[in-house]
Amino acid sequence: MAEDDKPDLTRLRNIGVIAHIDAGKTTTTEHLLYYSGAIHRLGGVDEGTTETDWMELEREKGITIQSACVPFRWRDHTINLIDTPGHVDFTAEVERALRVLDGCIVVFDAQKGVEAQSETVWRQADRYRVPRLVLVNKMDIIGADFERTVADVAERLQARPLPVVCPIGQGPARESDDPFRGVIDLVTWEACWFRHSDPARPDGKLVERGPIPEAYLARAARWREKLMDVLTETDDQDLITTAYLEGKPLDPGALRALIRKRTLANEIQPVFCGSGREHIGIQLLLDGVVWYLPSPLDRPPVQGVHPKKRDRVEMRRPDVHEPFCALVFKIQADPHGELFYLRVYSGAAKAGSRVFNPGRDVREFLTKLYHVHADPANKDPLDAATAGDIVAAVGLKASITGDTLCDPQHPILLESIQFAETVVSMSIEPESSADRARLEQVLTTLAREDPTFRWHHDVETGQTLMSGMGVLHLEVKTHRIREDFGLKVRTGKPRVSYRETVRTPVRVWGECIRPSAPVPLFARVLLHVEHYRGNEPITFVNTLPPGTLAPTALSAIEQGVRSALQSGELGYPVIDVRVTLEQVETRPDQSTDLALQTAAADAVNRALKDNITLLEPVMRLEVTVPEMYLGPITADLSARRAEITEIQTRGGLRIVHALVPLARMFDYADAVRSASQGRASYTMEPARYAPAPDEVLQHMLGLDTSALR
């Protein structure tokens, strides 16, 4: 690529919008697109007219189900924006978005502060060290409190939120003496008012700057002093410290440079405030994206390993002259084919070119490349995908989410994406037996698209079971099977997806001895199997001296181990185990890879025999309830084997935090509504797998599963 054609990556931002459900994330995204000119009319979540909620089901339910990517322009910068779901059932969409984004906006409800899913998405951003901005949204509602929300972010998330704006008033116009009606820019020391370009259609598109009202000077000065206290900590060149101490005017450009430096280092999170309903504050947030969030050049080079030499670290800088390297972070499936979303980290690849998938050791064909505008049907063709960009491709066959694509001459294998374990399953059957094969094909397609959705045949019952992150997750998949793929299906009641683990450590020989087979087979394998909570559900360790086994033989043993652990003594996947290979007995010409794999699986099955602990999914529950109903709520939770970990006070409300087995929560929506006369709300997300009570295991061993549903 010629130097003149090299894209200016300093003017590119790959960002996401993340939040708890109902914090106003999609409405904020809609305003970002409208003020930037990417769309010409503001849509509404309630009306089902937003740009990023393009699926029919999203518009019906008023929630985001799938992340949507939209490119737009602001202040001569290109911004690739991904709007992500807030519901816990679709947390995988947030996980894979944050894996490839350079920065993000975290939206908080000004009344509710930090909520359960807020903590989850914040931890996900921490894991990938993604710099972020904070938007305190819904400043116009009853109970909105900017200062309390900022303090909540600092305390509950161990963060350092730093307001760069503060509100002019808070609360609704009809019920507050000092309603929210504007913001104060602490960097330029100006009041910002948001006027409507068309009185018949309020939109807050026109921003007027002026002097700060006298009634707000003292409050604004207090917030600015906090801003300056933080920024002067690292003002090594005294760019602003001296001027500030001497009371001289401060250069906004110098202030922004320091804020940007601290934000990129993940030392602070600049805080903005606004209201989507009142159309206030979003333009300053857009400026913050450009001024404070990183370009691809501000992020460390992506790191991977050589696929053939895993101890050799490979690096790729965001430069079109580097070898091509990209990560498949999302697959969008529909009856017409699959669309693969790629984050390009280095180099360039043209439409129609061949690339290498090192994880699967196959060549792939990038038939066409696109920029997608939310709905996959709305896409612009591209000649090439270049470093730093987020694009969609068609033509890939073997690749799945988390796979690396690279230059065949310069292979690199990037770290994949880890997803949570499924917690709920449901039977599904076609109404016509003639559609069974097609149903399996559709389920396979949906599983390729969504790594947290799985399906399998239950050997004992003959049922087809699909598993996911929650009941809503499986309802959405069922809706898509019926509507998008045109299949008539029946589903059963949701039930818990249990797991198993080994109870006591055991050292056991497994064998494959078939002397009379057409091809004689012999292999004996000694494994040590123990309970172990590592980074992966299954940890395999080889202690044999180097050169004892060929790489293919060692791989066969590991494959046998992992295959056997897919189904434990009760038929559930086995997790939290470490399997150590200690000895192998072989014979020439008889110890084939098949024999070694079979012997390893036999050893695992022997180790699990009468030696398993049943694990049940435990959920992290957060209930928001008026104080007068706190007693009935906590009493009901105690009856559900809940462990109440904390009860907070927020205004006239109590926030109950608890850990509770999922098996006792399928009827909770009705119960919490009844116990609070409809005034309580709750959110729930997977926390961990924990040992189930003995009576649950006894029910299963007695083949009585009614108590588990």
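What you are looking at is a predicted structure, and each value in this text was computed from that prediction instead of being measured.
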- Are Glu364 and Ser399 close enough that a side-chain donor and a side-chain acceptor fall under 3.5 Å? yes
- Would you check, one step at a time, whether the test salt bridge (charged side-chain N to carboxylate O under 4.0 Å, His left out) holds for Arg260 with Asp298? CA-CA 11 Å; Arg260 178 178 179 81; Asp298 296 313; 2.5 Å; yes
- Query: Does the side chain of Val290 reach to within under 4.5 Å of the side chain of Trp74, using non-hydrogen atoms?
  - Reply: yes
- Of the non-hydrogen atoms in Pro318 and Pro296, which two are nearest, and what is the gap between them? CG-O, 3.5 Å
- Verdict with reasoning, Arg480 to Glu449, per side chain to side chain contact (heavy atoms under 4.5 Å, CB included): CA-CA 12 Å; Arg480 291 197 61 198; Glu449 174 189 84; 2.6 Å; yes
- Task: Measure across Val362 and Ala398 and return the closest heavy-atom pair with its distance rounded to 0.1 Å.
- Result: CG2-CB, 3.9 Å
- Item | Modelled atom types, side-chain donor and acceptor of Asp185 and Thr188, under 3.5 Å | yes
- Message: Apply side chain to side chain contact (heavy atoms under 4.5 Å, CB included) to residues Phe108 and Val271 and explain how you reach the verdict.
- Response: CA-CA 10 Å; Phe108 295 92; Val271 179; over 6 Å; no
- Message: Quiz question: by atom type and distance under 3.5 Å, do the side chains of His371 and Asn80 form a donor-acceptor pair?
- Response: no
- Close side-chain approach of Phe72 and Thr78, heavy atoms under 4.5 Å: no
- Query: Is it true that a side-chain atom of Lys112 and a backbone atom of Ala144 form a donor plus acceptor pair closer than 3.5 Å?
  - Reply: no
- Passing candidate, side chain to side chain contact (heavy atoms under 4.5 Å, CB included) with Leu101, options Ile18, Ile390, Leu293, Ile15: Ile390
- Heavy-atom donor-acceptor pair, Asn14 side chain to Gly388 backbone, under 3.5 Å: yes
- Message: Rounded to the nearest 0.5 Å, what separates atom CG in Leu487 from atom CD1 in Ile481?
- Response: 7.5 Å
- Do Ser353 side-chain atoms and Ala349 backbone N/O form a donor-acceptor pair below 3.5 Å? no
- Item | Gln441 atom CD, neighbour heavy-atom count above 12 within 6.0 Å | no
- Item | Atom of Gly468, atom of Leu474 and distance for their closest heavy-atom approach | N-CD2, 3.6 Å
- Message: Using 0.5 Å steps for rounding, measure from the CG atom of Leu339 to the CD atom of Gln332.
- Response: 7.0 Å
- Message: I want to check something: taking the side chain as every heavy atom from C-beta on, are Val355 and Cys406 in contact at a cut-off of under 4.5 Å?
- Response: no
- So do Leu285 and Leu133 actually touch side chain to side chain, heavy atoms under 4.5 Å? yes
- Do Val187 and Arg256 come close enough that some side-chain heavy atom pair is under 4.5 Å? yes
- Task: With the side chain counted from C-beta on, respond yes when Phe180 and Ile141 share a heavy-atom pair under 4.5 Å apart, and no when they do not.
- Result: no
- Message: Looking only at side-chain N and O atoms, does Ser295 offer a donor or acceptor that is under 3.5 Å from a partner on Arg11?
- Response: no
- Is a side-chain donor-acceptor pair under 3.5 Å present for Asp450 with His473? yes
- Task: Please check if atom CZ in Arg317 has more than 12 non-hydrogen atoms from other residues, nucleotides or ligands closer than 6.0 Å.
- Result: no
- Task: Please report the closest heavy-atom contact between Ser275 and Asn137, naming both atoms and the distance.
- Result: CA-OD1, 3.7 Å
- Query: Got a salt bridge between Arg75 and Asp287, using NZ or NE/NH1/NH2 to carboxylate O under 4.0 Å?
  - Reply: yes
- Please report the C-alpha distance between His20 and Val106 in whole Å, then the side-chain angles of each, then the deciding distance to 0.1 Å, and finally whether the side chain to side chain contact (heavy atoms under 4.5 Å, CB included) criterion is met. CA-CA 9 Å; His20 184 92; Val106 190; over 6 Å; no
- Item | Side-chain donor or acceptor of Gln170 paired with backbone N/O of Phe146 under 3.5 Å | yes
- Task: Would you check if the side chain of His196 reaches a backbone N or O of Gly204 as a donor-acceptor pair within less than 3.5 Å?
- Result: yes
- Message: Give me the atom names and distance for the closest heavy-atom approach of Leu369 to Ala393.
- Response: CD2-CB, 3.7 Å
- Message: Between Glu119 and Arg156, is the salt bridge (charged side-chain N to carboxylate O under 4.0 Å, His left out) condition met? List the steps.
- Response: CA-CA 8 Å; Glu119 293 190 52; Arg156 291 187 60 182; 2.3 Å; yes
- Message: I want to check a possible cation-pi pair here: Lys205 against Tyr34, using under 6.0 Å from ring centre and within 45° of the ring axis as the test.
- Response: yes
- Message: Using every non-hydrogen atom in the two residues, find where Gly113 and Thr149 come nearest and quote the distance to one decimal.
- Response: CA-CG2, 4.1 Å
- Task: Enter the distance from Ser346:OG to His410:NE2 here, rounded to the nearest 0.5 Å.
- Result: 10.5 Å
- For the pair Arg132 and Asp126, evaluate salt bridge (charged side-chain N to carboxylate O under 4.0 Å, His left out) and give the outcome as yes or no after the intermediate values. CA-CA 10 Å; Arg132 66 214 78 159; Asp126 279 341; 2.9 Å; yes
- Message: Would Arg316 pass as a cation-pi partner of Tyr345, given that its NZ or CZ must be under 6.0 Å from the six-membered ring centre and within 45 degrees of the axis?
- Response: no
- Does the Arg343 side chain pair with the main chain of Val100, one donor and one acceptor, at a distance under 3.5 Å? yes
- Any chance you could lay out the side chain to side chain contact (heavy atoms under 4.5 Å, CB included) test for Trp122 and Val114, step after step, and finish with the verdict? CA-CA 10 Å; Trp122 193 275; Val114 177; over 6 Å; no
- Donor-acceptor contact below 3.5 Å, side chain Arg209 vs main chain Cys192: no
- Task: Answer yes or no: is there a donor N or O on one side and an acceptor on the other, between the side chain of Arg181 and the main chain of Pro179, under 3.5 Å?
- Result: yes
- Query: Taking everything shown except Arg73 itself, do over 12 heavy atoms lie less than 6.0 Å from its CZ?
  - Reply: yes
- Value rounded to 0.5 Å, distance of OG1 in Thr404 from CZ in Arg360: 10.0 Å
- Task: Say whether, by atom type as modelled, one donor and one acceptor occur between the side chain of Asp407 and the main chain of Phe324 under 3.5 angstrom.
- Result: no
- Task: Could you tell me the separation between the CD1 atom of Ile168 and the CD1 atom of Ile280, rounded to the nearest 0.5 Å?
- Result: 9.0 Å
- Query: Hey, mind stepping through Lys397 and Glu338 against salt bridge (charged side-chain N to carboxylate O under 4.0 Å, His left out) and telling me if it holds?
  - Reply: CA-CA 9 Å; Lys397 300 297 183 184; Glu338 293 178 321; over 6 Å; no
- So which pairs with a foot in residues 255-292 pass ring pair (Phe, Tyr, Trp, His ring centres under 6.0 Å), sequence neighbours left out? His31-His279
- Query: Which value, rounded to the nearest 0.5 Å, describes the distance between Ile79 atom CD1 and Ile82 atom CD1?
  - Reply: 13.0 Å
